[in-house]
Amino acid sequence: MKYVFFDIDGTIRGKSREITKRNREAICKLRENGHKAFLCTGRAPVSITQDILDVGFDGVISAAGSFIQIDGKYIYENFLDSKRLQQAIVLFSNAQVGFTLETKDELFQSGYAREYMERRQIKDTQANPELARFFEKRNQAFKPITEYNPGKDKVTKIVFIAYDKYALLDTVPHLSKDFNVVLFSKPEDDFINGEIISKNCTKADAIERVIDYYHASMEDTIAFGDSMNDYQMIEKVNKGIVFEGAKEKLLDISYDTFIDPDQDGIALSLEKLGLIKKG
């Protein structure tokens, strides 16, 4: 039996924001063949939409390792230390960095983050009605930071974005003492974005917890990912499969690559690994 972990965005679904029929069927066949399939995403639980869950998985790792669900039950939960969290909020606010606080059930967005989303929405959706609907639905999920209650709302992860790259980078030495700081943007982008997560709570740590739960072996693990928040996961598993267009640093540690998920990349890779039959 193999334990196979899938990131969502850029991995099981591409720019179309849809999971292809063949990729859906491949994951179903994987499970029918006696293997275990898991989502392993940076998304908060509240951000995982039903169409993704309907593919069918044995478990879900979310918030970059902070939550683990097996057969619909949480077996692990982790939250950021409140004192260190407040320090990060102050750093970002002073540097005018936009951020979103992710909890188990809510997403709290700062004013700078909302401003960026609005600018991006106007730019990207003028000629794309479908994308406009996507942004509208996504915006409805966010609550203003003013509704965040430090005494009540436990935060698992902070997502950030800034136009001033140097202002953001100035915060990293302070943040990296307590958090893993992951950058997603490319050097040519006119912004910088990423996330901060617990040092002891990466996707890789969560995979180890899942394997311990099943009393299985890491030798039987496979993971699919495409971005730098998948780095520890790809490095940890026995076979890390990376999107062919991923950053070189991620490609350097991969076992193999997969093509664009919109071109059935996951299905083709599972066939190549011999986990499902071709066709």
Side-chain angles (χ1 to χ4, degrees), residues 8-9 17 41-50 52 60 62-67 74 77-126 131-185 189-199 201 229:
I8 297 177
D9 300 294
R17 295 186 173 85
T41 177
R43 291 190 185 198
V46 70
S47 299
I48 304 174
T49 54
Q50 193 60 44
I52 295 171
V60 177
S62 55
S66 293
F67 295 117
Y74 283 96
E77 298 182 18
N78 180 74
F79 302 95
L80 300 182
D81 176 81
S82 58
K83 183 178 179 179
R84 293 182 174 88
L85 169 63
Q86 291 305 314
Q87 290 172 344
I89 290 174
V90 171
L91 279 170
F92 282 156
S93 298
N94 290 342
Q96 297 187 0
V97 172
F99 62 90
T100 299
L101 305 181
E102 296 191 356
T103 73
K104 189 174 181 179
D105 303 305
E106 305 287 354
L107 304 173
F108 297 95
Q109 191 176 59
S110 73
Y112 287 116
R114 168 67 67 176
E115 178 186 335
Y116 172 81
M117 287 290 291
E118 289 175 350
R119 289 189 193 179
R120 189 82 189 187
Q121 183 172 345
I122 293 171
K123 178 181 178 181
D124 291 351
T125 63
Q126 288 177 334
L131 190 57
R133 284 191 289 272
F134 168 79
F135 269 110
E136 182 180 0
K137 184 176 180 180
R138 184 175 179 179
N139 286 342
Q140 291 171 356
F142 292 107
K143 288 188 174 183
I145 196 68
T146 51
E147 294 187 22
Y148 165 64
N149 183 341
K152 172 178 171 290
D153 301 310
K154 296 181 179 180
V155 175
T156 61
K157 188 180 70 169
I158 308 177
V159 178
F160 60 79
I161 190 163
Y163 289 112
D164 187 339
K165 297 183 181 182
Y166 297 105
L168 183 282
L169 292 174
D170 283 344
T171 69
V172 172
H174 304 284
L175 294 169
S176 58
K177 296 176 183 177
D178 302 307
F179 306 103
N180 281 323
V181 182
V182 183
L183 300 179
F184 299 145
S185 49
D189 290 333
D190 61 354
F191 61 90
I192 187 167
N193 73 311
E195 63 186 21
I196 59 176
I197 57 179
S198 297
K199 280 187 176 291
C201 202
N229 73 342

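Since the structure is predicted, the reported quantities are computational estimates derived from the model, not experimental observations.
- Between the CG atom of D190 and the OH atom of Y163 there is a distance of 7.5 Å, given to the nearest 0.5 Å.
- At a threshold of 4.5 Å between non-hydrogen side-chain atoms, the residues T100 and F142 count as touching.
- The two residues L101 and I89 have their closest heavy-atom pair at CD1-CD1, 3.9 Å.
- Among residues two or more places apart in sequence or in another chain, the ring pair (Phe, Tyr, Trp, His ring centres under 6.0 Å) test is passed with F108 by Y148.
- Scored by the salt bridge (Lys or Arg N to Asp or Glu O under 4.0 Å) test, K154 finds no partners at all (sequence neighbours excluded).
- With a 4.5 Å cut-off on side-chain heavy atoms, I161 and V97 do not count as touching.
- Note that the CG atom of N180 and the CD1 atom of I197 stand 5.0 Å from one another [nearest 0.5 Å].
- The side chain to side chain contact (heavy atoms under 4.5 Å, CB included) search around A88 returns I158, L175, F179, I196, not counting sequence neighbours.
- Just one residue in the list F191, F92, F99 forms a ring pair (Phe, Tyr, Trp, His ring centres under 6.0 Å) with F160, and that residue is F92.
- You'll find the side chain of P144 stays beyond 4.5 Å of the side chain of Q109, heavy atoms only.
- Qualifying side chain to side chain contact (heavy atoms under 4.5 Å, CB included) partners for S62, counting only residues two or more places apart in sequence or in other chains: T41, P45, I48, V60, F67.
- Residues satisfying the side chain to side chain contact (heavy atoms under 4.5 Å, CB included) test with V46, not counting sequence neighbours, are A44, L107.
- The backbone N or O of K177 sits nowhere less than 3.5 Å from a side-chain atom of K199 that would complete a donor-acceptor pair.
- Sorted by first and then second residue, the pairs that involve residues 84-95 and meet salt bridge (charged side-chain N to carboxylate O under 4.0 Å, His left out), not counting sequence neighbours, are D81-R84, R84-D178.
- A search for ring pair (Phe, Tyr, Trp, His ring centres under 6.0 Å) contacts involving Y112 returns nothing, not counting sequence neighbours.
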Steps toward side-chain contact (heavy atoms from CB on, under 4.5 Å) verdict (T156, L80): CA-CA 5 Å; T156 61; L80 300 182; 5.8 Å; no
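- Considering only residues two or more places apart in sequence or on other chains, Q50 meets the side-chain hydrogen bond (donor to acceptor under 3.5 Å, both in side chains) condition with D54.
- Residue pairs meeting the salt bridge (charged side-chain N to carboxylate O under 4.0 Å, His left out) criterion with at least one partner in residues 101-113, sequence neighbours excluded, are E77-K104, E102-K157, E106-K143.
- Take S198 and apply the side-chain hydrogen bond (donor to acceptor under 3.5 Å, both in side chains) test, not counting sequence neighbours, and it matches N78.
- Here the straight-line distance linking atom CG of L169 with atom CG of D164 works out to 9.0 Å at 0.5 Å rounding.
- D153 pairs by the salt bridge (Lys or Arg N to Asp or Glu O under 4.0 Å) definition with nothing, not counting sequence neighbours.
- Between R114 atom CZ and S110 atom OG the span is 10.0 Å, to the nearest 0.5 Å.
- By the side-chain hydrogen bond (donor to acceptor under 3.5 Å, both in side chains) test, D9 is found to be paired with R13, R43, residues two or more places apart in sequence or in another chain being considered.
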